[in-house]
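Chain letters run A, B, ... following the sequence lines, proteins first and then strands; every chain starts at 1. Hydrogens, waters and symmetry mates are skipped; everything else that's a heavy atom, side chains included, is used.
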Number of protein chains: 2
Amino acid sequence: MEHCCPRYHQAVELIGKRWSGAILAVLIDADRPLRFSELAHAVPQLSDRLLSERLKELEAHGLVLRHCSDDSPRVAYELTGKGRELAPAIAELKAWAQRWMREGEPEFVHAAKPSPDARD
Amino acid sequence: MEHCCPRYHQAVELIGKRWSGAILAVLIDADRPLRFSELAHAVPQLSDRLLSERLKELEAHGLVLRHCSDDSPRVAYELTGKGRELAPAIAELKAWAQRWMREGEPEFVHAAKPSPDARD
DNA sequence: CGGGATCCGAAAGGATACTG
DNA sequence: CAGTATCCTTTCGGATCCCG
């Protein structure tokens, strides 16, 4: 019985952190640098503060690069190679989600309404 | 710009939840029903309460089956088909982690031990 | 062994307001 | 637009005790 190798554990905890997976998926899907507002628009339930926070974390871990080029009108975020190589994993997860997750069953949407989770 | 399809979002939030990814990886890797204590041993930093909690969540979402068979000496947990089909995604993530994550850099281990590692 | 209940501190998350 | 700071609520998570 392996002890679930720490590297994998780190990875899943990093990517699985609240909105990180969504942000990464959007960036991968876009396949180009995105601006703050574009990201915010792509994940509507995500607040500015959280988006900023997650972005900084992803930067710190070398998944995302922040372009604050002064010749550009605005800031843009793009994936690094490290971040980009997550694409297969994300794609697999997406495929799984398509097969198994139902939209019509918001039994787990925590970003939405204060569902009193009465499922005992 | 897609709005990062909700199904994928649900999936990443579910699997990424604190210890769920590790638990699933252990179950997939074991490829047989595991008992509570085996799971606890495989993920040492995880407390009983949390393991129980995560297990119940994974049950509720149909990823894990709990065998409380009275003919068996003890309780065992095994993956459902839904859970088992996560294997490719987990494998991809593991491969990525092997490529990019370093064990020697616990810059993000929040599960940490109470070691007063004051290195800020 | 296999958990559940409770307490409580820590941390995350949301809303709003404010700034450059 | 692209954030930051503050407040405040909720949740998470660890420890401990308890039960069958």
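Distance CG (A:Leu46) to C1' (C:dG13): 10 Å, rounded to an integer number of Å. Rounding to whole angstrom units, CD of residue A:Gln45 and P of C:dA15 are separated by 11 Å. Atom C1' of nucleotide C:dC1 and atom CG of B:Leu39 are separated by 14 Å, given to the nearest angstrom. Put simply, CZ on B:Phe36 is 10 Å from C1' on C:dC1, counting in whole angstrom units. Separating the OH atom of B:Tyr77 from the P atom of C:dC1 is a distance of 14 Å, rounded to the nearest angstrom. Atom NZ in A:Lys56 sits about 13 Å away from atom P in C:dA12, given to the nearest Å. If you take CD of B:Glu53 and P of C:dG4, they are 10 Å apart, rounded to a whole angstrom. If you take NE2 of B:His41 and P of C:dC1, they are 12 Å apart, rounded to a whole angstrom.
No side-chain heavy atom of B:Leu27 sits less than 4.5 Å from a side-chain heavy atom of B:Leu63. In this structure, B:Leu93 and A:Leu86 have side chains that are in contact, with non-hydrogen atoms separated by less than 4.5 Å.
In this structure, A:Lys56 does not pair ionically with A:Glu59, as no charged nitrogen and carboxylate oxygen lie closer than 4.0 Å.
Comparing D:dG3, C:dG4, C:dG14 by their closest approach to the side chain of B:Ser52 singles out C:dG4. The side chain of B:Asp48 approaches C:dG3 more closely than any other nucleotide in the set C:dG2, C:dG3, D:dG3. For B:Arg49, the side-chain atoms get nearest to C:dA5 when compared with the rest of C:dG4, C:dA5, D:dA2. Among C:dG2, D:dC1, D:dG14, the nucleotide with an atom closest to any side-chain atom of B:Ser47 is D:dG14.
In this model, the phosphate group of D:dA2 is approached by a side-chain N or O of A:Ser37 to a distance below 4.0 Å at OP1 or OP2. For A:Arg66 and D:dG3, the shortest distance from a side-chain N or O to OP1 or OP2 is below 4.0 Å.
Pairing each heavy atom of A:Val12 with each of B:Gly21, the nearest pair is CG2-CA, 3.9 Å. Considering every non-hydrogen atom in both A:Ala11 and B:Met101, the closest pair reads N-CE, 3.8 Å.
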